[in-house]
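Worksheet: one structure, shown below.
Just so we're on the same page: letters track the sequence lines, and every chain starts at 1. Just so you know, these numbers use all the heavy atoms, side chains as well, and skip hydrogens, waters and symmetry mates.
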Amino acid sequence: MKIATWNVNSIRTRLEHVINWLQANPVEVLCLQETKVIDKDFPLQPFLDIGYNCYISGQKSYNGVAILSRSPLGQVSAGFAPILGDETVGSFDEQKRLITGLIDDIRIICVYVPNGSEVGCDKYEYKLYWLKLLQQYLEVALDKSPNLCICGDFNIVPGDLDIYAPKASANSAGLSVPERLALKEIIELGLNDPFRKFTSEGGHYSWWDYRAASFPRNNGWRIDHHYLSLPLYEKATNCTIDVSPRKLVKPSDHAPVIVEF
DNA sequence: ATGGCAACACACTGTTGA
């Protein structure tokens with residue numbers, strides 16, 4: 001089984017790329033982020049036509065997540081509130097950043113972690129609190145599901161090997177100590193990064209800035225990840241970043257990442 | 001230090017992204 005994640009930076013703009021990619025790479029599950037479209041305008045039919053069930057949670061202009069799956073998902077829900085309750089979550093589900101469903105006995109969670117903008121600003125504080133909620137959410141989810149795969153755009157560079165210029169970017173959102181600590185605490189719930197099971201060297205990235213010829217220079221960041229509970233991690237046979245869609249005309253700034261088990 | 005590129009909306013400029 002292959003489970004892929006891809007921040008598409010607008011599903012309507014990237015529709016042809018995603019359809020073509022799925023036809024060439026018929027993964028069981030594709031998790032999408034930054035769909036940037038309200039649910040009634042999501043282009044469902046092209047995905048139904050090629051055999052994917054669609055589960056979507058979108059909003060106007062920003063954010064938005066979706067899970068596409070060859071077989072129907074069970075127990076689908078969006079946002080933190082179905083697990084954590086309205087009182088804990090407050091207004092944090094207004095931004096559509098999490099959707100989940102069950103395939104076989106595997107809990108799939110698709111996330112778009114906030115960007116954070118600049119260290120110390122309101123959006124950065126929002127990101128840190130959002131990560132706290134995610135941690136609480138995962139504690140419950142892991143308790144219920146021994147087989148769990150969370151994947152998406154984490155907007156955090158886990159280690160200095162995961163970015164082309166760690167020192168120059170050290171003060172950027174995505175690298176700060178509190179963000180990395182928040183991710184570490186999430187991982188320590190019992191999750192594992194399958195990319196690092198198979199690849200120990202640096203130079204492998206999933207996002208490249210549109211500006212300054214970042215992609216041809218491979219000036220990238222590895223911020224799109226899967227995290228697997230131990231039973232799944234042990235079964236993982238491969239985890240790769242497919243850079244080919246990033247080479248197309250009008251690409252997303254992110255590349256898809258695929259785990260196989 | 002700054003800007004560069006792309007997508008979107010109460011659109012031709014401002015905001016967001018990472």
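Using a 4.0 Å heavy-atom distance criterion, N219(A) is classed as making no nucleic acid contact. F215(A) comes within 4.0 angstrom of no nucleic acid atom, judged by non-hydrogen atoms across all strands. Within 4.0 Å (heavy atoms only), D153(A) reaches sugar-phosphate atoms of the nucleic acid but no base atom. Among the heavy atoms of the strands, none lies under 4.0 Å from L175(A). Contacts of S172(A) with the nucleic acid, taken as non-hydrogen atoms under 4.0 Å apart, are absent.
Taking the six-membered ring for Trp, F92(A) and F80(A) have ring centres at least 6.0 Å apart.
Between R217(A) atom CZ and dG4(B) atom P there is a gap of 15 Å when expressed in whole angstrom units. As a whole-Å value, the separation of R12(A) CZ from dA6(B) P is 19 Å. E118(A) places its CD atom 11 Å from the P atom of dG17(B), with the value rounded to the nearest Å. For D209(A) and dG17(B), the CG to P distance is 14 Å, given to the nearest whole Å. Counting to the nearest Å, the P atom of dA7(B) and the CZ atom of R14(A) are 5 Å from each other. The distance between atom CD of E179(A) and atom P of dG17(B), rounded to the nearest whole Å, is 13 Å. The CH2-P distance, from W221(A) to dG17(B), rounds to 13 Å in whole Å. Counting to the nearest Å, the P atom of dA11(B) and the NZ atom of K60(A) are 10 Å from each other.
When each of W208(A), Y205(A), Y164(A) is checked for a ring-ring contact (aromatic ring centres under 6.0 Å, His included) with F215(A), only W208(A) meets the rule. Exactly one of D122(A), V113(A), V119(A) qualifies for a side chain to side chain contact (heavy atoms under 4.5 Å, CB included) with K127(A). That residue is V113(A).
Taking atom C1' in both dT2(B) and dA7(B), one finds a spacing of 22 Å when rounded to whole Å. For the C1' atoms, the distance linking dG4(B) with dT16(B) amounts to 15 Å, nearest Å. Rounded to whole Å, the C1' atom of dA1(B) lies 23 Å from the corresponding atom of dA6(B). With P as the reference atom, dG3(B) and dG14(B) are 14 Å apart, rounded to whole Å.
Side-chain contact check for K144(A) versus Q75(A): every heavy-atom pair is 4.5 Å or farther apart. Between T100(A) and Y55(A) the shortest side-chain heavy-atom distance does not fall below 4.5 Å.
Remark: S61(A) is in phosphate contact with dA9(B), judged by side-chain N or O atoms under 4.0 Å from OP1 or OP2. Residue K250(A) places none of its side-chain N or O atoms closer than 4.0 Å to OP1 or OP2 of dC5(B). Phosphate contact (OP1/OP2 of dG17(B), side-chain N/O of S117(A), threshold under 4.0 Å): absent.
Of the residues near DNA chain B, V113(A) and T13(A), the one whose nearest nucleotide (by heavy atom distance) lies more toward the 5' end is T13(A).
A distance of 13.5 Å separates OG1 of T88(A) from OH of Y137(A), quoted to the nearest 0.5 Å.
Nearest to the side chain of K123(A), among dT16(B), dG4(B), dC8(B), sits dT16(B).
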